Protein chains: 2
Amino acid sequence: MNSLTERSPVSVWNFPKLEKCPEILKPAISRRLALLIIGDCSVVYSGRASSTLDWGERLVLVKSDGSVVVHRREGYEPVNWQPPGCIFDTSIQPDGLLRIRAIRPSSRESLDIRFRGVFLIVELNLIDRGGFLLYASEEDMKRAIVACPSLIEDGFRPTMEEKRQPSGFIDVFGLDRNGNPLIVEIKKGPVRREAVFQLARYVSKMREGNPEVRGMVIAPSLGKGTMKLLETLKLEFRQLSPKTCLEALQKERRTRESALSHRFDASSD
Amino acid sequence: MNSLTERSPVSVWNFPKLEKCPEILKPAISRRLALLIIGDCSVVYSGRASSTLDWGERLVLVKSDGSVVVHRREGYEPVNWQPPGCIFDTSIQPDGLLRIRAIRPSSRESLDIRFRGVFLIVELNLIDRGGFLLYASEEDMKRAIVACPSLIEDGFRPTMEEKRQPSGFIDVFGLDRNGNPLIVEIKKGPVRREAVFQLARYVSKMREGNPEVRGMVIAPSLGKGTMKLLETLKLEFRQLSPKTCLEALQKERRTRESALSHRFDASSD
DNA sequence: GCCTAGGTCCCGTAT
DNA sequence: ATACGGGGCCTAGGC
């Protein structure tokens, strides 16, 4: 009785007959469980582009959000896939093959997987509430610069983040110690030519109104020809790594917290 | 006896004891098989960035090329991963947990997966020689334009593909019916502002030497403000979809093949 | 829906 | 090795 109510994180079918597979797959999909199908299949994709994949043994992972990945023996990336939002149709074809069709109505795409043999089906009922934290992203660098503007230079006062411009977005915008506008473009990796052009676009637009506008790239390093390019375009570079930013941010937070606790100490007097 | 030599595409362990797992995983990795581990795990990533993922039930796929993906219940993308090139270390820790460490020497990155419970291990010995073909990429469009230059306009003669410029690459370069240089930028989706700026860079460089240089964007459609932008920069647009290109290319190929077979017919006379 | 820009992007290719 | 640009990129955020 308890076993009836108890969740099983995995249910396994070993070498199921093709004609039995829809009976396994359909209920799992409607119960919004994830499915793993390992077998000999071929795949046709049609949508933004088209592709065909001939017969071979692969692993197919279908998730409850309607995403699909087809993995081959090697390679980090799936050979075929669909992002979330698919509806599924599983059936046995007239020729006896198992067909799984994933259709994405939003972008009129379809993935057509045909199996001529299935080695394993795993129904997955996974519980996963674990938090995910990512450090040292460009977003972290931006936060650090806003919290500690002296990372850029003394006297810098940021006024806006993610400033929307007709020519695009600006990461951080502010005024330098002399009151001149300073546009900051942040990169967490080596600066490429393209990033410089991106900044140049923003800056040249703003220099039309005020030739004193400065543009600065913040990054851990510069790509090959980018130093010269920056000079030509009268843009600046300040070396700053994600790690440095993170440390500055954490230090600033500690300072703020201790200031806060002091206030509490004082108020509790 | 036959069973000893026969390959099994999948070998399954149901709820293996943690301490047994290294005995399963290590030989599989050294035999260069792929592995699927489903269980309750936590993950720490450290490298270009850092991340932590708290306990939860997930699916881990380790391939023989040294790539890893960790999939949660939902989402197309893995929550943690490593591209090919990892070496693996599996062990039971002093606290009794199973630890799988993937280290990428080339970029000094590491993925540290700890399991406190394993539901399923699948050893995968997949045979997959199926060919993969992708149609209608930007590359296909380029090929089509070079094979059928009239797709651009009558009298166009391409002279170079992938022309290297100090300012970057040019998709297709050639001369129009009047002998004026024509720079072609191909996009397979709607044209964005950035693509226009990219083309503008090439063209303005070349117009310094010859003001008659033309620049043209080839794409199935234009993004919002891009028509006006093209006009301002004196650039042109020709609508052409990947599908049209593909059809033209296939037609051209058929024509060429039939011409070839005619030649054979003639020579066999 | 479209547009914009980041990503531990990954990937191939050329230098 | 690094640099560059594509990708069925995907994803998040804004409009």
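Fair warning: this is a prediction, and the values are worked out from it, not measured in the lab. All values below come from the heavy atoms of this structure, side chains included, with hydrogens, waters and symmetry mates left out. Residue numbers begin at 1 in each chain, while the letters A, B, ... track the order of the sequences.
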Any residue meeting salt bridge (Lys or Arg N to Asp or Glu O under 4.0 Å) with [X], in chain and number order, not counting sequence neighbours:
X: Lys187(A); value: Glu185(A)
X: Glu194(A); value: none
X: Arg114(B); value: Asp112(B)

Looking at [range], who's got a heavy atom less than 4.0 Å off DNA chain C?
range: residues 43-59 of chain B; result: Tyr45(B), Arg48(B), Ala49(B)
range: residues 237-246 of chain B; result: none
range: residues 61-83 of chain B; result: Val79(B), Asn80(B), Trp81(B), Gln82(B), Pro83(B)

Side chain [X], main chain [Y], donor-acceptor under 3.5 Å:
X: Glu57(A); Y: Ile127(B); value: yes
X: Thr90(A); Y: Ile100(A); value: no
X: Arg238(A); Y: Leu151(A); value: yes

Listed pairs under 3.5 Å, donor-acceptor, residues 39-48 of chain B side chains, sequence neighbours left out:
residue  : atom : partner   : partner atom : Å
Asp40(B) : OD1  : Gly56(B)  : N            : 3.1
Asp40(B) : OD2  : Arg116(B) : NE           : 2.9
Asp40(B) : OD2  : Arg116(B) : NH2          : 3.4
Tyr45(B) : OH   : Arg48(B)  : N            : 3.0
Tyr45(B) : OH   : Ala49(B)  : N            : 3.3
Tyr45(B) : OH   : Glu109(B) : OE2          : 2.3
Arg48(B) : NE   : Glu109(B) : OE1          : 3.2
Arg48(B) : NE   : Glu109(B) : OE2          : 3.0
Arg48(B) : NH2  : Glu109(B) : OE1          : 2.9

Q. Just checking Lys142(A): base, sugar-phosphate only, or nothing, at a heavy-atom cut-off of under 4.0 Å?
A.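 The residue Lys142(A) makes no contact with any strand.
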Q: Would you mind pulling out the nucleotide paired to dG8(D), Watson-Crick or G-U wobble, both distances under 3.5 Å?
A: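 Looking at the geometry, dG8(D) pairs with no nucleotide.
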Between [N] ([atom2]) and [X] ([atom1]): distance, integer Å:
X: Asp171(A); N: dA5(C); atom1: CG; atom2: C1'; value: 9 Å
X: Asp140(A); N: dG6(C); atom1: CG; atom2: P; value: 15 Å
X: Arg201(A); N: dT4(C); atom1: CZ; atom2: C1'; value: 10 Å
X: Arg104(B); N: dA1(D); atom1: CZ; atom2: P; value: 11 Å
X: Leu199(B); N: dG6(D); atom1: CG; atom2: P; value: 12 Å
X: Phe169(A); N: dG6(C); atom1: CZ; atom2: P; value: 10 Å
X: Glu194(A); N: dG7(C); atom1: CD; atom2: C1'; value: 14 Å
X: Glu109(A); N: dG8(D); atom1: CD; atom2: P; value: 11 Å

Q.
What's the separation between atom OH in Tyr202(B) and atom CD1 in Ile183(B), rounded to the nearest 0.5 Å?
A.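 Reported value, rounded in 0.5 Å steps: 9.5 Å.
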Q. Is there a side-chain polar atom (N or O) of Tyr202(A) under 4.0 Å from OP1 or OP2 of dT4(C)?
A.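 Indeed not, no polar side-chain atom of Tyr202(A) lies that close.
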Q. For atom C1', what is the distance between dC10(C) and dG6(C), given to the nearest Å?
A.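 Their C1' atoms lie roughly 14 Å apart.
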Q.
When the C1' atoms of dC11(C) and dG7(C) are compared, how many Å lie between them, rounded to an integer?
A.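 14 Å, rounded to whole Å.
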Q. Looking at Lys142(B) and Val172(B), what are the two nearest heavy atoms and their distance?
A.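 It is CG-CG2, 3.6 Å.
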Q) Of all the nucleotides listed (dG7(D), dG6(C), dT8(C)), which has the minimum atom distance to the side chain of Lys187(A)? A)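 Looking only at heavy atoms from C-beta outward on Lys187(A), the closest nucleotide is dG6(C).
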Q. Between dT11(D), dG8(D), dA5(C), which one does the side chain of Gln198(A) approach most closely?
A.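 The answer is dA5(C).
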Let me have the donor-acceptor pairs involving side chains of residues 220-235 of chain B, under 3.5 Å, with sequence neighbours excluded, atom names and distances please.
residue   : atom : partner   : partner atom : Å
Thr226(B) : OG1  : Gly223(B) : N            : 3.0
Thr226(B) : OG1  : Gly223(B) : O            : 2.5
Thr232(B) : OG1  : Lys228(B) : O            : 2.8

Q) In chain order, what residues pass the side-chain hydrogen bond (donor to acceptor under 3.5 Å, both in side chains) check against Gln250(A), with sequence neighbours excluded? A)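 Checked Gln250(A) against side-chain hydrogen bond (donor to acceptor under 3.5 Å, both in side chains); zero matches.
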**Q.** Which residues share a side-chain hydrogen bond (donor to acceptor under 3.5 Å, both in side chains) with Asp171(A), sequence neighbours left out
**A.**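 Residues passing side-chain hydrogen bond (donor to acceptor under 3.5 Å, both in side chains) with Asp171(A): none at all.
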Q.
Show every salt bridge (Lys or Arg N to Asp or Glu O under 4.0 Å) that has at least one partner inside residues 66-82 of chain A, sequence neighbours left out.
A.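 Checked against salt bridge (Lys or Arg N to Asp or Glu O under 4.0 Å) - neighbours excluded - the pairs reaching residues 66-82 of chain A are Arg72(A)-Asp128(B).
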Q. Hey, what's the ring geometry for His71(A) with His71(B), parallel, tilted or perpendicular (30° and 60° as the breaks)?
A.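 Answer is perpendicular, since the angle exceeds 60°.
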Q. Can you find a heavy atom in the side chain of Arg101(B) that is under 4.5 Å from one in the side chain of Ser91(B)?
A.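 Result no, sub-4.5 Å side-chain heavy-atom pair not found.
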Please tabulate the protein-to-nucleotide N/O contacts below 3.5 Å involving nucleotides 1-3 of chain C, giving atom names and distances.
residue : atom : partner   : partner atom : Å
dG1(C)  : OP2  : Ser106(A) : O            : 2.7
dC3(C)  : OP1  : Lys224(B) : N            : 3.0

